[in-house]
Amino acid sequence: MPELPEVEVTRRGIALHLTGRIISGVAVREPRLRWRVNASARDLKGLSVRGVARRGKYLLIDCGAGHLIVHLGMSGSLRVLPRETPPGKHDHFDLQLGDVLLRLRDPRRFGAVLWSTGRVEQHRLLAGLGIEPLERNFDGGRLHTLTRGSRVAIKQLLMDAKRIVGVGNIYANECLFQAGIHPRLQAHRLSLSRCARLASEIKATLRAAIRAGGSSLRDYSGAGGELGCFQMRYSVYDREGLQCRRCGTPIRRVVQGQRSTFFCPACQR
DNA sequence: CTGGTCACCTGGAAGC
DNA sequence: TGCTTCCAGGTGACCA
């Protein structure tokens, strides 16, 4: 699930429930995630959660003396649950906070839970990250600068976190469709005006997805609802062979960098 | 530096 | 039904 909108919705959901609470313990049932989980009760117990920030697809739980860096990988999800909730098969990590706990479920184990002291933005995983697409300073001019001299396909540039964070495979496909740009176009061939169009479609698409997910925020707490029920109605993603919603031409699928790319050959040039 | 490929894991769907 | 194959929303490490 997790691209920037899902991570941002998760951030808001858990911030609501965790901020101000005191960490009472940690449970690591499976430390072998993307990197070995290094968070321990010894470091965390007694600290209070000051807030939850996001950098790209990383969640940064501010505990004062350090940050808990959480990444959801391909299949991770976080929930706030009552303390006694029995863990399921892929529930690898809990942060205990009195009568509730924050639980990470991650079947594929591509996620991460890392304890970081010191300046979190200097952490090796965060230091080299690119621009946040929803920040004010991301615009057509900035995207134009980023694309200069780059011969990679624009879709691959959008997904390169060293340049722009948070845009994964689904939203890269969707944004390029909205902007009428062919995913294989070399980045440096985009004019300033097309960059402006693309930058604004990126913002609009991500914001719409966050809005769609925001409506399910309350599901972060309690045993009931599943999150991730905010599937947007995709224009091209996973629609190979189906008619383009705009012009009726069959959507095509190609592979770029071992990832599926979906596009309308008529609308995107 | 850039650009391209691989590896890490599990589960679900499709194919035979 | 059961086995095999393919595919999946991420990204750091490694190579030429």
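Below, chain A is the first sequence line, B the second, and so on; all start at residue 1.
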Open item on the list: Which nucleotide wins on minimum distance to the side chain of A:Arg108, given the candidates C:dG12, B:dG3, C:dA8?
Closed with: C:dA8

Open item on the list: Closest approach to the side chain of A:Tyr58, judged atom by atom: which nucleotide of C:dA8, B:dG11, C:dG12 is it?
Closed with: C:dG12

TODO: Determine which nucleotide pairs with B:dA13, using a 3.5 Å limit on both distances of a Watson-Crick or G-U wobble pair.
DONE: C:dT5

Task: Minimum heavy-atom distance between A:Gly140 and A:Ala199, given as atom pair plus value - done: N-CB, 3.7 Å

Task: Presence of A:Tyr171 side-chain N/O under 4.0 Å of C:dG9 phosphate oxygens OP1/OP2 - done: no

Task: Complement of B:dC1, any strand, by Watson-Crick or G-U distances under 3.5 angstrom - done: none

Task: Among B:dT5, B:dT10, C:dT11, the nucleotide that comes nearest once only the side chain of A:Arg109 is considered - done: B:dT10

- [ ] Looking only at side-chain atoms of A:Ile170, point me to the closest of C:dG9, B:dT5, B:dT10.
- [x] C:dG9

Task: A:Tyr234 side chain, from C-beta outward: closest of C:dG9, B:dT10, C:dG10 - done: C:dG9

Task: A:Arg105 and A:Asp91 ion-paired at < 4.0 Å - done: yes

TODO: State which of C:dA8, B:dG3, C:dG10 makes the closest approach to the side chain of A:Arg34.
DONE: C:dG10

TODO: Among the candidates B:dT10, B:dC6, C:dG9, find the nucleotide nearest to the side-chain atoms of A:Tyr237.
DONE: C:dG9

Task: Short side-chain to backbone donor-acceptor contact, A:Arg148 and A:His188, under 3.5 Å - done: yes

Open item on the list: I want to check one thing: is the phosphate of C:dT11, taken as OP1 and OP2, less than 4.0 Å away from some side-chain N or O of A:His71?
Closed with: yes

Task: Distance below 4.0 Å between A:Arg259 side-chain N/O and C:dG10 OP1 or OP2 - done: yes

Task: Check: A:Gln256/A:Thr261 side-chain N/O donor and acceptor closer than 3.5 Å - done: yes

Open item on the list: Measuring only the P atom in each nucleotide, how far is C:dC14 from B:dC9? A whole number of Å is fine.
Closed with: 16 Å

- [ ] Please determine, for the side chain of A:Arg151, which listed nucleotide (C:dG12, B:dG3, C:dG10) has the closest atom?
- [x] B:dG3

Task: Given DNA chain B, 5'-ward residue of the pair A:Gln258 and A:Gly149, judged by closest heavy atom - done: A:Gly149

Task: N/O (side chain, A:Ser260) to phosphate O (OP1/OP2, C:dA8) under 4.0 Å - done: yes

Open item on the list: Check this for me: does any side-chain nitrogen of one of A:Arg29 and A:Asp94 sit under 4.0 Å from a carboxylate oxygen of the other?
Closed with: yes

- [ ] Starting at atom NE2 of A:His188, determine the distance to atom C1' of B:dT2, rounded to an integer number of angstrom.
- [x] 13 Å

Task: Which nucleotide in C:dA8, C:dG10, B:dG3 has an atom nearest any side-chain atom of A:Val152 - done: B:dG3

Task: A:Phe110 ring over B:dC8 six-membered base ring, under 5.5 Å and 30° - done: yes

Open item on the list: For B:dG3 and A:Arg163 - does any side-chain N or O of the residue sit under 4.0 Å from the phosphate oxygens OP1/OP2?
Closed with: yes

Open item on the list: Considering every strand and a 4.0 Å limit on heavy-atom distances, what is the contact class for A:Leu125: base, sugar-phosphate, or nothing?
Closed with: sugar-phosphate

Open item on the list: When you measure from the side-chain N and O atoms of A:Lys162 to the phosphate of B:dT2, is any distance below 4.0 Å, counting only OP1 and OP2?
Closed with: no

